[in-house]
Amino acid sequence: MKISFFRLLTELSSRKSVSRLTGAFAKSRASRGLIPRFAKTYGIRVQDAEKAVHEYGSLNEFFSRRLKSGLRPIDATPNTLVSPVDAMITGIGPIHEGLIVNVKGQDYTIQELLNESPRMINYTNGYYCVLYLSPTDYHRIHSPVTGDILEKEHVPGKVYPVNEFGLRHMRRVLSRNERLITYMQHDAGEIAVVKVGALNVSSIQYVVPLPDRLEHGDELAYFEFGSTVVLLMENGTFKPRAALEVGSKVNVGEALGMFKRRD
């Protein structure tokens, strides 16, 4: 009964109209006064931010802040996949015949996650990693590889929360929420960077200008509220770092694994 009640409340609060109102306030100067309380509530290291707290014009501007230079060193080992975000791993493993199994008790298909893109065939037996960003985390998204952007797709959708409750108790959140998908070509194959919107603001923005080619660690996009990134690695191209598992915390630039060299 309790789960059903909270699921109903989440359905009501996840409507686009509510999200737009929340987003409008977070982007207004009226929200500036909430920044210190927001930072204290979530234990955000304000000393890591590029600017002082009082220099941010809105809560949203603070939320999507950059960090001071050098705080996120990028693993420069050749053929390395690096984390594009500061996040917790909530799902990781091989993809079996197009199926991602047991992300917080739910299964997903590559077909639905990639909105039936013809490119989905490249990932049917590949590898996936689900990275959840909490409000505490840095919300800029960096390129996990050095490569060229092949294609971008915006998939409209819902704005359900992607936290523990949302992933476990709301139906198929990762494939029903708004998504911004970037396909990139690197030396060992192709990768899909699936950025999933979340409750409240649900806004995902590419950096401007966005070049056609990125070095691993370059800025790619940013969230305007907490959310999730799903990485999909092409069939037969990736070997994960052994120490990573569900619950592991990773930072931007940290190695997630290695791509296999092509003959």
Side-chain angles (χ1 to χ4, degrees), residues 22-23 25-77 80-92 129-144 161-167 180 193 195-208 214-231 241 243-256:
T22 306
F25 173 74
K27 293 176 182 178
S28 72
R29 291 188 66 82
S31 67
R32 291 181 67 192
L34 296 179
I35 295 175
R37 182 180 298 178
F38 181 86
K40 183 177 180 180
T41 298
Y42 289 105
I44 294 171
R45 289 177 52 86
V46 295
Q47 63 269 35
D48 290 349
E50 180 184 50
K51 300 188 290 187
V53 168
H54 70 271
E55 294 182 87
Y56 292 96
S58 67
L59 180 60
N60 181 71
E61 189 179 319
F62 173 74
F63 191 87
S64 56
R65 67 197 176 278
R66 289 185 171 92
L67 299 181
K68 290 176 180 174
S69 178
L71 286 181
R72 294 294 183 271
I74 309 300
D75 191 311
T77 307
T80 297
L81 175 76
V82 301
S83 178
V85 288
D86 288 3
M88 178 182 290
I89 296 176
T90 54
I92 188 168
C129 185
V130 183
L131 300 163
Y132 167 67
L133 292 77
S134 74
T136 304
D137 291 315
Y138 163 63
H139 276 74
R140 293 263 159 179
I141 306 164
H142 296 250
S143 178
V162 291
N163 57 13
E164 178 79 14
F165 179 86
L167 288 177
L180 202 62
V193 185
K195 298 158 289 294
V196 184
L199 185 67
N200 290 324
V201 179
S202 184
S203 183
I204 316 159
Q205 305 289 343
Y206 281 113
V207 297
V208 178
L214 294 170
E215 298 294 319
H216 65 311
D218 286 350
E219 281 192 15
L220 171 62
Y222 58 92
F223 287 119
E224 293 185 332
F225 216 76
S227 199
T228 289
V229 172
V230 182
L231 298 177
R241 206 178 92 208
L244 296 181
E245 59 185 7
V246 172
S248 295
K249 190 74 171 66
V250 294
N251 286 331
V252 169
E254 183 176 341
L256 299 179

Item to complete: Sequence neighbours left out, what pairs pass salt bridge (charged side-chain N to carboxylate O under 4.0 Å, His left out) with at least one residue falling in residues 63-74?
Response: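 Output for this query lists R66-E219, R72-D86.
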
(request) Return the orientation label for the F63 and H139 ring planes: parallel under 30°, perpendicular over 60°, tilted otherwise. (result)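 F63 vs H139 ring planes: tilted.
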
Heavy-atom check, side chain of [X] versus side chain of [Y], under 4.5 Å:
{"X": "L220", "Y": "H142", "value": "no"}
{"X": "I44", "Y": "F62", "value": "yes"}
{"X": "L231", "Y": "V193", "value": "yes"}
{"X": "I89", "Y": "L131", "value": "yes"}
{"X": "V252", "Y": "I74", "value": "yes"}

Check your understanding: Say you draw a straight line from CG of L67 to NZ of K51; how long is it, rounded to the nearest 0.5 Å?
Key ->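 L67 atom CG to K51 atom NZ measures 13.0 Å (nearest 0.5 Å).
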
Problem set entry | N251 CG to L71 CG distance, which is reported to the nearest 0.5 Å |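 So the CG of N251 and the CG of L71 are separated by 10.0 Å.
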
Could you report the tightest heavy-atom contact between [X] and [Y], atom names first, then the distance?
{"X": "K195", "Y": "A221", "value": "CD-CB, 4.0 Å"}
{"X": "V82", "Y": "G253", "value": "CG1-O, 3.6 Å"}
{"X": "F223", "Y": "S64", "value": "O-CB, 3.8 Å"}
{"X": "K249", "Y": "A87", "value": "CD-O, 3.3 Å"}
{"X": "V250", "Y": "S83", "value": "CG2-OG, 3.5 Å"}
{"X": "Y222", "Y": "V207", "value": "CD2-CG1, 4.5 Å"}

If we ignore hydrogens and angles and just use 3.5 Å, is the side chain of S143 paired with the main-chain N or O of D218 as donor and acceptor?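 No: the side chain of S143 does not pair with the backbone of D218.
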
Got a donor-acceptor contact below 3.5 angstrom from the T41 side chain to the R37 backbone?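 Confirmed, T41 side chain pairs with R37 backbone.
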
Inset, instruction - Using distance alone, with no hydrogens and no angle criterion, decide if T77 and D75 have a side-chain donor and acceptor under 3.5 Å apart. - result: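 Checked: T77/D75 side chains pair up, N/O donor to acceptor below 3.5 Å.
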
*Ion pair present between E50 and R140, side-chain N to carboxylate O less than 4.0 angstrom?*
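Not counted as a salt bridge, because no side-chain N and carboxylate O are separated by less than 4.0 Å.
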
For Y206, enumerate each residue passing the ring pair (Phe, Tyr, Trp, His ring centres under 6.0 Å) test, keeping only those at least two apart in sequence or located in another chain.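 Ring pair (Phe, Tyr, Trp, His ring centres under 6.0 Å) check on Y206 returns nothing, list empty.
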
### Query
Given the rule in the side-chain contact (heavy atoms from CB on, under 4.5 Å) test, do V85 and D137 qualify, once you have shown the distances and angles that lead to the verdict?
CA-CA 9 Å; V85 288; D137 291 315; over 6 Å; no

